[in-house]
Amino acid sequence: MEDSKSKDFINNHHDKFYLNYGFATRSLHAGEHVGQPETSAHTGAIYQSSTFVFKNSDEGAQLFAGEKSGYIYTRLGNPSVRLLEAKINALEGAELKKKNPDLRISTIAFSSGMAAISSTLMAILSNGDTLILADVVYGATEHLASNVLSKFGINTVEVDTSNISALEKVIKENPKAKAILFETPTNPSLVVSDIKKVSETVKAVNPNIRVIVDNTFATPYLQRPLELGADVVVHSTTKYICGHGTVVGGLMTTFHDEIKNAVYMMIKDVGGNPSPFDSWLVNLGLKTLPLRMEKHCSNAMELAKYLSDHSKVAKVHYPGLKNSPYFELASKQMKHFGGMISIELKGGFEAGKKLMDNIEIFTLAVSLGCVDSLIQHPASMTHACVPKEKRLKAGLTDGLVRISVGLEDLEDLITALDKGLSIV
Ligand SMILES: *Cc1c(COP(=O)(O)O)cnc(C)c1O
């Protein structure tokens, strides 16, 4: 009964799939006017309502029984949220649907990236199961595994997913594994894992393991894990997808109905649903995702080249540089190389702090993927409480500075870095 209800609710995202349109066209049009009450509004409305009105008792009964689709209560579904979910289905799934028209792509939107990640893991894993987690992931994802999932009898084993033979060994050694979660490129060292190879290796050894990719750094414009063999893709929309620094939000997309149903049960019974207004803002941001990503990537590429030749910089991590160990893989797997750069300053910790305090234009703030450029120094900020040994293992050296390259004029960004670096 639960199943038919949730299916009914989420599956009519597939009405209009824009199969023959390009990514930019889909990001503008998909989901718009679908399942929205009949009005002549051009832009999807913000349905800031917690509950919905039944015409009569029969309709209420039908909606609850899953015999009729419609809205009941915003935790269970809302037109503004559904518009966002429908758009993401079209962005993540169009190529998959073209190859396999029977496939049902489903997206569930969340109140944060962590709500999407925790709900997905809780949906897939049970007491006694093992989670294989990449050794470098977003801090809260690691804490979720070690501090929260562990309380419910879910064991976590870490592995470097960019090392396929190490991965194969870990999969063989952990027959109780039910899921693997990794990010590519990683934060902030920008290590790239081969999504296709990881998926194939995992499935060859243990087909029961679900492959989950956190695609926050790349976005569906640059990289689509489901096309490369992953079962589930999760995003923090807080970053590039919303893009304007206005929302904390998340997404989960899959073509497995049983995963979608299990994740829907989490949003229904645990919560974690996004607000209609936030969903509206994320949908608005998505319309310019292709344009923004083009500029983020071209600015980042030029800055990475400029920084590679700078006398104060020991190392630049950016997969788009020809001397990056990930250049070839990233060229194959991603449309462009992303908007994130990290650099190691020769002057170490003090140089990092000094740059933070003197740089112009770049905003000193955590988070990433904003329209404007952000800069942060993990050793004195986000990762200051992480023991140095552990920090270094994750590639977070004392002089490492992470830059989220924005959409400013390239010359202004170079001038600001030039001035800032001249002081350190
Ligand atoms: C920010 C981020 C998250 C967490 O998302 P929130 O929206 O902050 O909950 C997860 N993974 C990656 C890679 C992130 O950058």
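Computed from heavy atoms alone, side chains included, the values below leave out hydrogens, waters and symmetry copies. Start at 1 with the first residue, then count along the sequence. One-based numbering, in listed order, for ligands and for the atoms of each.
- Nearest to atom 8 (O) of ligand 1 among the protein's heavy atoms is Tyr138 OH, 3.8 Å.
- Polar contact with ligand 1: present for Met114 (N/O pair, distance under 3.5 Å).
- By the 4.0 Å N-to-carboxylate-O rule, Glu95 lies too far from Arg224 to be salt-bridged with it.
- Atoms of ligand 1 found under 4.0 Å from any heavy atom of Ser112, numbered from 1 in the order shown, are 7 (O), 9 (O).
- Residue Thr141 places no N or O, backbone or side chain, under 3.5 Å from any N or O of ligand 1.
- Per-residue contacts place Gly249 under 4.0 angstrom from the following atoms of ligand 1 (heavy atoms of the residue considered): 7 (O).
- Between Phe337 and Phe327, the angle of the ring planes stays under 30°, which puts this pair in the parallel group of the 30/60° scheme.
- For ligand 1, the atoms sitting less than 4.0 Å from at least one non-hydrogen atom of Val248 are 7 (O), numbered in the order shown with element in parentheses.
- Residue-ligand proximity: Ala116 is placed with every non-hydrogen atom at 4.0 Å or more from ligand 1.
- Residues Glu258 and Arg210 are paired through a salt bridge, judged by an N-O separation under 4.0 Å between the basic side chain and the carboxylate.
- Between Asp214 and ligand 1, an N or O atom pair is found at a separation short of 3.5 Å.
- Taking distance alone, with nitrogen or oxygen atoms compared against 3.5 Å, Gly113 approaches ligand 1 more closely than that limit.
- Aromatic pair Tyr221/Phe23: ring centres closer than 6.0 Å.
- A salt bridge links Asp231 to Lys203: one of the charged nitrogens lies within less than 4.0 Å of a carboxylate oxygen.
- Heavy-atom distances between Ile117 and ligand 1 reach below 4.0 Å in at least one pair.
- Two rings, from Tyr240 and His235, have their centers 6.0 Å or more apart.
- Using a 4.0 Å cut-off between charged side-chain N and carboxylate O, Asp398 and Lys388 make a salt bridge.
- Which parts of ligand 1 touch Glu183 is read off a 4.0 Å heavy-atom cut-off, strictly below it: atoms 13 (C).
- Here is the list of ligand 1 atoms found below 4.0 Å of a heavy atom in Thr238: 6 (P), 7 (O).
- Distances from atom 2 (C) of ligand 1 to the heavy atoms of Lys239, Met340, His235 show the closest one on Lys239.
- Under 4.0 Å is where a charged nitrogen must lie from a carboxylate oxygen, and between Arg82 and Glu85 no such pair does.
- Checked against the 6.0 Å centroid threshold, Tyr21 and His29 do not count as a close aromatic pair.
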